[in-house]
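Comments concern the structure below.
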Amino acid sequence: MQVMANRLDRGVRMYQSEYEQKLLDVLHSGWYVLGNEVASFEEEFAQYLGAGHCVGLASGLDALWIAFKMLGIGPKDEVIVQANTYIASVMGITINGATPVFIEPDRYFNLDAARVEEKITEKTKAILVVHLYGQASNMEYILKIAKKHGLKVVEDCAQSHGALYGGKKTGTFGDIGCFSFYPSKNLGAFGDGGAIVTNDGAIAQNVRMFRNYGSDKKYFNKVVGANSRLDEIQAGFLRVKLKHIKELQEEREQICDRYLHEISNTAIELPDILEGASHVWHQFVIKCEDRQKLIHYLKTKQIETAIHYPIPPHLSEAYQYLGIKRGSFPVAEKYADSVLSIPLYNGMKKEEQDYVIACINEFCM
Ligand SMILES: *Cc1c(COP(=O)(O)O)cnc(C)c1O
C-alpha cells in the first residue's frame, strides 16, 4: 500500500458538489474581488473564533507583516519569536525592518515562556506566539509576561484554526491573530489566502484600508498601502469548509488519537499536549534519534513523510545577516534534526492508518 504524507484531493471529494456549486455561483455573479463572499466569510470566521473583527487578506505572510506594521513595529524594534517556527513567521517581523529575537521551544514545540523574560530589552516591542503544528501555546503565562513588560502580542495561527487554550480560541488572546488559508492548512482554500482577526475596531479598520491600496473610499487614498485581498472564489470555498470544520476537525482528532494510543515503539517519541491546551493536529509530529533511518525504512514501505522544518530560520541562508551561529539554539536545532511528520489528512482511510501504525511499530533502530 502507498500512503502519501498529505492528500488534498481526498478533502475535496468530501464536499465536492458544494465546492463546485460555490465556484459556479461566484463565477456567474460577475463580482470577483471584495464582495459578498469575503464580507460573509469575515463575519462567519470572526463569529467562529469569538473575535470582534476579521479582515481577509491575500496570504498568511501578509497577515503577519501587516499585523506588525499596524502595531507600528519597525526598524530598531525587537520581536520575540520561537526559534523552531516556519520561516514565514520570522519574515513577518523582518519585512518591517524589525529584528527577531529567538527563544528556544518547550517540549510541546511551542514558545518556552519561561525563557522569554531574560531576552527582553528596552527595544522589545512584541511577542509573536506561534501555535505550532496546531497546538495552542501557554497563553496564560505569555500574556502575563506581555502585560508586565508592556509588550504587544501577535499570534501566528496559520496552523491552529480552532485550537483552544483554557476554552478560548487561538487568535483571540493577543492584539492581532494572523491566519493562513494556504491549501494544506486545517482551514485551507484552493489557492492562497489569509486573514487578521482582532478585537480592536481601529486596527481592523486600518487593515481594511491598508489591504486595498490604503483607501476606504475608491480613489481616496489615506496611506500607502498594499494589494492584499482575499478573493471571492477563495472566500466562497472557505465558507463551505468552515461550515464543516467541526467534522473535519473530529476526523483529524480520531486519526491522531489512534496514533497516540496505537503507536508503540521505543524508538519513537510521540507528541505531548500541554494541560489546558487543545491540539487541532495540523501535523502529527514524532521524534526519532535516527530519523534518516526511519524515513528510509518508511520509504521502502511506500509511506511518505515530511519534515517541519529541517532548517531553523536562524540557520537559513536568508538570515545569515543576523549572525547567529549553529549551536546558539540547541533545543530548536535538535528538533530540526529529529522531528518527522507522519501521514495525516482528511479522508485518510482506515486501512491507510492501520498500515502506517503497523509499519512504524515494526521499525527497529
Ligand atoms: C503557512 C504558515 C505561514 C504562512 O502562510 P502563507 O499563507 O503560506 O503565507 C506562516 N506561519 C506559519 C506557522 C505557517 O505554517
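Each ligand, and each atom within it, is numbered from 1 in the order the structure gives. Bear in mind the structure is a predicted one, so any value in this text is a computation, not a measurement.
For an aromatic pair to be called close, the ring centres must be under 6.0 Å apart, and Phe179 with Phe45 satisfies this. For Phe284 and Trp281, the gap between ring centers is short of 6.0 Å. Aromatic ring centres of His308 and Tyr86 lie farther apart than the 6.0 Å criterion allows. Taking the six-membered ring where the residue is Trp, the centroids of Phe41 and Phe181 are separated by under 6.0 Å.
The N/O atoms of Gly60, backbone and side chain alike, include one that comes under 3.5 Å of an N/O atom in ligand 1. Polar contact with ligand 1: present for Gln159 (N/O pair, distance under 3.5 Å). Ligand 1 has a nitrogen or oxygen under 3.5 angstrom from a nitrogen or oxygen of Asp156.
Distances from atom 2 (C) of ligand 1 to the heavy atoms of His131, Lys185, Gln283 put Lys185 nearest. When the heavy atoms of Pro183, Ser180, Ala58 are ranked by distance to atom 8 (O) of ligand 1, first place goes to Ser180.
With a 4.0 Å cut-off on non-hydrogen atoms, Leu61 touches ligand 1 through its backbone as well as its side chain. At a 4.0 Å heavy-atom cut-off, ligand 1 does not touch Asp62 at all. Contact annotation: for His282 versus ligand 1, there are no heavy atoms closer than 4.0 Å.
Numbered from 1 in the order shown, with element, the atoms of ligand 1 that lie under 4.0 Å from a heavy atom of Ala88 read 3 (C), 4 (C), 10 (C). The Leu64 neighbourhood of ligand 1 comprises atoms 10 (C), with distances under 4.0 Å to a heavy atom of that residue.
Annotation for Asp175 and Lys152: closest pair OD2-CA, 3.3 Å, computed over non-hydrogen atoms. What you find for Glu232 and Leu34 is that their closest heavy atoms are OE2-C, 3.9 Å.
Residue Gly194 places no heavy atom under 4.0 Å from ligand 1.
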For Ser160 and Gln135, what are the C-alpha separation, side-chain angles and deciding distance, and is it a side chain to side chain donor-acceptor pair (under 3.5 Å)? CA-CA 6 Å; Ser160 71; Gln135 177 167 198; over 6 Å; no
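Between Trp65 and Phe210, the two ring planes are perpendicular [angle over 60°; tilted spans 30° to 60°].
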